[in-house]
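Just so it is clear, the model here is predicted, and its values are computed rather than measured. In what follows, chains carry the letters A, B, and so on, assigned in the order in which the sequence lines appear, proteins first and then strands, with residues in each chain numbered from 1.
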2 protein chains.
Amino acid sequence: MSRLPPLNALKCFETAARHGSFSKAAEELHVTQSAVNHQIRQLEHWFGVPLFDRQGRQTLPTPEGAELAESLAEAFGIMDGACQRIAKSDGKSNLTIAAIPSIATIWLIPRLPAFLKANPNIGVRLLHAIFEQPIDFEDVDLAITYGDWNQAPPTATKFLEGVSYPVCSAHYLTLAGPLREPADLLKCSLLHDFDRRPWSKWFKAAGTKIDDRLPGLLFEGFNLLYSSILAGQGVGLAPTAILADDLKAGRLVQLFDIPVLEEKAYFISEPANPRESRADDVAIFKAWLLEQAAS
Amino acid sequence: MSRLPPLNALKCFETAARHGSFSKAAEELHVTQSAVNHQIRQLEHWFGVPLFDRQGRQTLPTPEGAELAESLAEAFGIMDGACQRIAKSDGKSNLTIAAIPSIATIWLIPRLPAFLKANPNIGVRLLHAIFEQPIDFEDVDLAITYGDWNQAPPTATKFLEGVSYPVCSAHYLTLAGPLREPADLLKCSLLHDFDRRPWSKWFKAAGTKIDDRLPGLLFEGFNLLYSSILAGQGVGLAPTAILADDLKAGRLVQLFDIPVLEEKAYFISEPANPRESRADDVAIFKAWLLEQAAS
DNA sequence: CATAATACATGAATAAATTTCATGGAGCTG
DNA sequence: CAGCTCCATGAAATTTATTCATGTATTATG
């Protein structure tokens, strides 16, 4: 096979010819107009033949350019098809998202149908990330975890605040009577996630003296705590960010404006070596996540 | 169109898959094996799928790799065809060589048929370069000129020596009788090219006292001088390098081993901005010229 | 008809990708 | 097992691509 011109220049040219505009091509290729211009110039010089007619505002391919563009479109089409097939042939075609159970159940799953509807070409496979256990990024395109934001890797993207407040169901509040000051909570059923220290911290922050050991149910995992709160079994400490829907709907009520666990956050992690063939989909999903979190 | 992998990596891969060998691909692409390796690695990482099975000495495409390679071969084939057509569509498809008349007639034209036979895909168009007149490189891929080598541009390639010796036809030598020493030449018909100074210089170099003005025929151009020498009309000063065939065949005879015009040379010049679509052909032709000159 | 507005052109500076270099390791083969 | 031939790899060097900061030309527009 004989010598080919620089392939990137050909790609630039094909795009520009398709749009009949360097600027549009630049946009499609996510580069500046200047870059496209340089590439096409290089190509014209390579051939020694002008490929575009520049007549003022109009920029149309010359006959040679048009012919070349046509063939290139075909060639790149074949390439693209083949690459798509390979990228999807490994059975991992879907975006694989690892999320800790809490956010997966409470926040992500309810929102996911909207994403799938808006992006019908992207499939999503959802895995559970076990809390504080390293994620096998071999098979994961993006992970959503919870932890101390100060200790998160610099590549992580903060996503939702982890700051927690006392929360209970609206129904429980009517039963437990008015809760005017923090100390009133000592009369309530306290619900704990894994350990009792957050509640201790909270009472300390609230300036309420407490006994050494706080009473109340201890759950193994936030989802169980959440179910318990929802069921009206008591007051739990929970990140209000992921409960926005419940709070807005009035199912849950936040008690007092005294925060705890301010340093915690939900954040997005990405593999050190992402599969670049998924890069676009990952970027779309990530943008969607952040947008959802912001609204 | 969705995101494509790096195109150069695809080209590398296609070549490697076709050869079933990284080293062979490297050779075809005129790069090192290392470069091919890096590119293919990059591509495998991009897809997240291995494209080659490395089993010791064997390096064969995986099924995915084979499928991809097939499509890529087709795509690159289309590209290549299209680029060839464009490169040749400008009516300047032939290599355009500008040569000064002397070397064109005496040296190049006799050798050209062999080149064309050995390289049937390359057409050659031969132009005359006028002596000491700038060449219009817009339309010339390679020029062969004669001049002072010390003043040649640094990009020029020396090709044949321009050093000249007294030369006459074998027949003339028998007529003019034995020519034992330089002074004997003064009795001969001296033949000049453009001006009489070279002969003056020669006699000076030979240590022979001469009158102010030398007699003899003055030709406008080396080809005329050459014809005259061949016809046995006298002794001329000529670069023996381009007369190698005549000297070997015995038609011409070199007299004395006293050189003149040592600083002159025939050399190859190339355009500052070559048409890269011709680069391969130009390189082949240039290599052939140098090889012919050396033999 | 001046004035934005839009699109391509260009040179220098910067950033990124590719290639080489210099090795290492693994599998044949005589 | 020594010598070949391949592929693998990290760091350095080189080449290529891109941006930035402008410039020029043409087209709309009040």
Side-chain angles (χ1 to χ4, degrees), chain A residues 3-62 65-66 69 76 272-274 276-277 279, chain B residues 3-47 49-62 65-66 69 76 272-274 276-277 279 283:
Chain A
R3 174 180 295 222
L4 281 171
L7 298 172
N8 293 319
L10 288 178
K11 177 73 215 172
C12 257
F13 169 72
E14 186 271 334
T15 310
R18 184 151 36 80
H19 288 297
S21 153
F22 289 16
S23 307
K24 295 263 181 58
E27 199 177 323
E28 175 175 326
L29 297 168
H30 305 297
V31 295
T32 59
Q33 167 266 324
S34 183
V36 173
N37 191 302
H38 284 300
Q39 290 288 304
I40 289 177
R41 174 121 53 93
Q42 179 190 4
L43 198 60
E44 288 181 317
H45 177 247
W46 200 94
F47 282 119
V49 175
L51 298 170
F52 279 101
D53 250 346
R54 283 90 157 167
Q55 298 178 13
R57 180 159 264 172
Q58 290 284 324
T59 307
L60 291 170
T62 59
F76 282 118
N273 294 31
E276 292 191 49
S277 52
Chain B
R3 175 179 294 219
L4 281 170
L7 297 172
N8 293 319
L10 288 179
K11 177 72 216 175
C12 258
F13 168 72
E14 186 272 333
T15 311
R18 183 152 37 80
H19 288 294
S21 152
F22 289 15
S23 306
K24 296 261 182 58
E27 199 178 323
E28 175 175 326
L29 298 168
H30 306 297
V31 295
T32 59
Q33 167 266 324
S34 183
V36 173
N37 191 301
H38 284 301
Q39 290 287 308
I40 288 176
R41 172 119 50 99
Q42 179 191 5
L43 197 60
E44 288 182 316
H45 176 247
W46 200 92
F47 282 119
V49 176
L51 298 170
F52 279 100
D53 251 344
R54 284 90 156 168
Q55 296 178 13
R57 180 161 263 172
Q58 289 285 323
T59 306
L60 292 171
T62 59
F76 281 118
N273 295 30
E276 292 190 50
S277 52

Please report, rounded to the nearest Å, how far the [atom2] atom of [N] is from the [atom1] atom of [X].
X: B/Phe52; N: D/dC7; atom1: CZ; atom2: C1'; answer: 11 Å
X: A/Asp53; N: D/dA25; atom1: CG; atom2: P; answer: 18 Å
X: B/Phe22; N: C/dT18; atom1: CZ; atom2: P; answer: 16 Å
X: A/His45; N: D/dT16; atom1: NE2; atom2: C1'; answer: 16 Å
X: A/Ile40; N: C/dA7; atom1: CD1; atom2: P; answer: 15 Å
X: A/His19; N: C/dA7; atom1: NE2; atom2: P; answer: 13 Å
X: A/Glu27; N: D/dT19; atom1: CD; atom2: C1'; answer: 17 Å
X: A/Lys11; N: D/dA17; atom1: NZ; atom2: P; answer: 15 Å

Please determine whether a side-chain nitrogen or oxygen atom of [X] lies at a distance below 4.0 Å from atom OP1 or OP2 of [N].
X: A/Thr32; N: D/dC20; result: no
X: B/Gln33; N: D/dT5; result: no
X: A/Ser21; N: C/dC8; result: yes
X: A/Ser34; N: D/dT18; result: no
X: A/Arg41; N: C/dT10; result: yes
X: A/Arg54; N: C/dA7; result: no

Of B/Lys24 and A/His30, the one whose nearest nucleotide on DNA chain D sits closer to the 5' end is B/Lys24

Test salt bridge (charged side-chain N to carboxylate O under 4.0 Å, His left out) on A/Glu14 and A/Arg18; report intermediate values, then the result. CA-CA 6 Å; A/Glu14 186 271 334; A/Arg18 184 151 36 80; 3.0 Å; yes

Would a 4.5 Å heavy-atom cut-off, applied to side chains only, mark [X] and [Y] as touching?
X: A/Lys11; Y: A/Leu7; result: no
X: B/Phe76; Y: B/Thr15; result: no
X: A/Asn37; Y: A/Thr32; result: no

Could you go through A/Ser34 and A/His38, starting from their C-alpha distance and side-chain angles, then the distance that decides it, and tell me whether this counts as side chain to side chain contact (heavy atoms under 4.5 Å, CB included)? CA-CA 6 Å; A/Ser34 183; A/His38 284 300; 3.6 Å; yes

What's the closest nucleotide to the [X] side chain, out of [options]?
X: B/His38; options: C/dG11, C/dT20, C/dA9; value: C/dT20
X: B/Pro6; options: D/dC7, D/dT19, C/dT18; value: C/dT18
X: A/Asn8; options: C/dT20, C/dC8, D/dA17; value: D/dA17

Under 4.0 angstrom, heavy atoms only, what part of the nucleic acid is B/Gln39 near: base, sugar-phosphate, or nothing?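 Sugar-phosphate only.
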
